[in-house]
Structures are given as C-alpha cells and as structure tokens.
Amino acid sequence: MSDNKKIENKELKELMKALRADPSEENMLNLLKAAAVSKFIVPVDGKEGDYRFHAVSDAKDRRHMVVFADTESFDKASQGKAQNGVLAGFEDILDVVAEEKMGLDGFVINPGTDEVLFGKDMCDLIREQISPKDESVKVGQPDHWPEKLREMTMEFFKIDPDIKKVWIQLMRRMSDDNLNWLIVVESDLEGEREQYLMDSFRSYIVPYLDGLPPLVVSYRVDFAKQVIKDLDPFYGRKI
C-alpha cells in the first residue's frame with residue numbers, strides 16, 4: 001500500500017456484518033453514519049494523477065469500484081502480491097462513482113468477504129444529501145411587475161404614515177432555484193414597532209405579488225443595505 005497507515009475500522013466492519021444479517025433501514029443508517037467518517041483503502045494501478053481503479057462486474061455486467069474497509073481485507077485480497085492502494089474518504093469514493101467517464105454503477109466494500117454494495121442510485125442520493133448547499137442568492141429586477149403592485153403600494157403609504165421608502169426586488173435562492181420577492185422597508189421605527197410595520201405591509205401586499213412569497217426586511221439589515229445601495233426605491237413618500 002502506498003500509505004503505511006494501518007486501517008482497522010472495527011465499528012464499520014461490525015455494522016457491515018449487522019447489515020448483511022439484517023438489511024433494515026436502521027442498520028443501513030448506522031452504517032452510513034460510520035462510513036461517512038471513515039477512511040477506506042482503494043486498490044489502484046498506475047501512478048498519482050493517473051490512477052486506474054479496480055472494479056468487479058456482476059451477472060448483468062454492472063461495474064462496481066472495489067474499496068476495502070481495513071488493511072487485513074486489502075492484504076488478503078492481494079494474495080501476497082504487491083498491490084498499491086490509496087486512502088480515500090467516503091465522499092471521495094462517491095465523487096469517483098459520480099464521474100460519468102468512469103462508467104461505474106456503484107462501489108463495493110470488501111468484496112468476497114463481508115461485502116456491502118452501494119449502487120449508483122444510492123450513491124447519487126447520498127452524495128446529494130451530504131454535499132454542501134449553495135446558500136447564495138441572486139437579486140435583481142423582474143421581467144415585469146405584478147399588475148396592481150405599484151398602485152396598492154401607494155395605497156399603503158396613504159394608510160400608514162410611518163413607512164418612508166420601499167424597495168422591491170426578485171430574489172432567487174441558488175440552493176433550490178426558488179423565487180421570492182425581497183421587500184426592503186425604511187421607516188423611523190425600531191424594534192417591535194418596526195417589525196409590526198413590516199408584518200403589516202407583508203400581509204397587505206401578498207395578494208398583489210402574483211403568488212410569489214415575500215421576504216420583508218428592514219433597511220438596517222446588512223444584506224438589505226447591499227441590495228438597495230445605488231438602487232432607486234420602488235416607491236417613496238413624497239416630502
């Protein structure tokens with residue numbers, strides 16, 4: 001092995017045995033939790049930057065990358081022959097399986113002994129769950145404004161003298177591609193009184209937003225300050 005560190009993963013191996021004896025959802029979840037923080041040995045040919053991974057095929061010609069949960073199983077599978085292996089985390093293995101050019105249908109841990117197989121669909125699902133979400137948002141002008149939005153915003157300014165300016169932008173969350181209206185409200189109010197004003201405007205304006213939910217924030221919030229910088233308000237009280 002190219003790394004001399006000995007890998008045992010006793011808990012993981014016990015959970016693999018438990019899963020083979022009882023393939024319940026609970027046992028699978030326990031195994032996934034242990035696998036997520038484990039290191040595996042991946043047998044390879046070639047050299048760093050040009051590794052070729054080992055794979056085994058089943059009766060339906062599906063190819064699964066071979067990985068080992070412990071040094072003992074890796075050495076036993078090598079049958080005394082010199083075999084290079086690299087250490088890889090669970091996410092590293094999922095990333096390899098996800099690469100279309102690899103032509104893999106999943107991976108198998110400790111093939112031929114206490115093996116556990118992960119098919120590609122399961123790998124993709126796990127990878128999606130553990131991948132960091134993109135929490136960024138994009139904010140900008142909509143292609144068109146809802147028909148009655150400006151008229152009803154003007155009406156609210158007549159109803160409530162505390163509101164001074166309002167900025168309205170379309171916001172897209174990159175994590176799920178959902179759209180919201182971002183509404184930034186300026187007034188001289190603070191604390192609970194300011195929150196009551198924003199809640200009141202939110203409830204009032206919802207029917208005129210073409211079905212998209214609004215996020216209403218104070219102009220004092222740092223994120224809102226960035227959005228409205230150099231941006232003319234959608235509507236402002238005439239002084």
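In this text, all values refer to a predicted model and were calculated from it rather than measured experimentally.
Considering CZ of Phe40 and CG of Asp92, their distance stands at 10.5 Å, rounded to 0.5 Å. If you take CG on Asn9 and CD on Glu72, they are separated by 12.5 Å, rounding to the nearest 0.5 Å. To the nearest 0.5 Å, the span separating CD on Gln169 from CD on Gln141 amounts to 4.5 Å. The CG atom of Asp22 sits 5.0 Å away from atom CG of Asn27, with the distance rounded to the nearest 0.5 Å. One distance of note links CD of Glu194 with CZ of Arg220; it measures 4.5 Å at 0.5 Å rounding. For the atom pair CG (Asp162) and OH (Tyr196), the distance works out to 11.0 Å, reported to the nearest 0.5 Å.
Using modelled atom types, no side-chain atom of Asp105 and backbone atom of His64 make a donor-acceptor pair closer than 3.5 Å.
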Can you check side chain to side chain contact (heavy atoms under 4.5 Å, CB included) on Ile168 and Trp145, steps first, answer last? CA-CA 10 Å; Ile168 303 179; Trp145 295 102; 3.8 Å; yes
Carefully, step by step, assess Gln83 and Phe74 under the rule side chain to side chain contact (heavy atoms under 4.5 Å, CB included). CA-CA 9 Å; Gln83 174 62 62; Phe74 173 77; 3.7 Å; yes
Should Lys164 and Val185 be marked as a side chain to side chain contact (heavy atoms under 4.5 Å, CB included) after you check the CA-CA gap, both sets of side-chain angles, and the distance that decides it? CA-CA 8 Å; Lys164 295 173 65 176; Val185 173; over 6 Å; no
Lys120 vs Arg62, test: side chain to side chain contact (heavy atoms under 4.5 Å, CB included). Steps then yes/no. CA-CA 10 Å; Lys120 193 171 191 309; Arg62 291 174 297 199; over 6 Å; no
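Clustering ILVMFWY residues whenever any of their side-chain heavy atoms sit less than 4.5 angstrom apart, transitively, puts Leu212 in the very cluster that holds Met152. The cluster map of Ile, Leu, Val, Met, Phe, Trp and Tyr, joined by side-chain heavy atoms under 4.5 Å apart, puts Met154 and Tyr204 in the same cluster. In the hydrophobic clustering of ILVMFWY residues, with side-chain heavy atoms under 4.5 Å counting as a link, Val116 and Val37 come out apart. Val206 and Phe201 end up in different hydrophobic clusters when Ile, Leu, Val, Met, Phe, Trp and Tyr side chains are linked at under 4.5 Å. Cluster membership check: Met102 shares its hydrophobic cluster with Ile109, using side-chain heavy-atom separations under 4.5 Å among Ile, Leu, Val, Met, Phe, Trp and Tyr.
Looking at every heavy atom in both residues, Asp70 comes nearest to Glu8 through CB-O, 3.4 Å. The two residues Phe68 and Pro111 make their nearest non-hydrogen contact at CE2-CD, 3.8 Å. The minimum heavy-atom distance between Ala69 and Ile7, with the atom names listed, is O-CG2, 3.4 Å. In plain terms, the two heavy atoms of Lys13 and Ser73 that are nearest each other are NZ-OG, 3.8 Å. The minimum heavy-atom distance between Trp167 and Leu231, with the atom names listed, is NE1-O, 2.9 Å. Closest approach of Arg237 to Pro161, counting heavy atoms only: NH2-CA, 3.4 Å.
Within the 4.5 Å cutoff, the side chain of Phe223 has heavy atoms near those of the Leu182 side chain. For the pair Thr153 and Phe234, the minimum side-chain heavy-atom distance is below 4.5 Å. Under the 4.5 Å side-chain criterion, counting only non-hydrogen atoms from C-beta, Asp45 is in contact with His54. The shortest side-chain heavy-atom distance between Ile41 and Val86 does not fall under the 4.5 Å cut-off. Looking only at side-chain heavy atoms (C-beta outward), Ile183 and Leu215 stay at 4.5 Å or farther from each other. Considering only heavy atoms from C-beta on, Met28 comes within 4.5 Å of Met122 through its side chain.
Within a 6.0 Å radius of CD in Glu25, no more than 12 heavy atoms belonging to other residues, nucleotides or ligands are found. Annotation for Lys165: atom NZ does not count as buried by contact number, only 12 or fewer foreign heavy atoms lying within 6.0 Å. For CD of Glu155, the number of neighbouring non-hydrogen atoms (other residues, nucleotides, ligands) closer than 6.0 Å is greater than 12.
The aromatic rings of Phe118 and Phe90 sit perpendicular to each other, their planes meeting at more than 60°, with 30° as the lower class boundary.
A cation-pi contact, defined as under 6.0 Å to the ring centre and within 45° of the axis, is absent between Arg150 and Tyr235.
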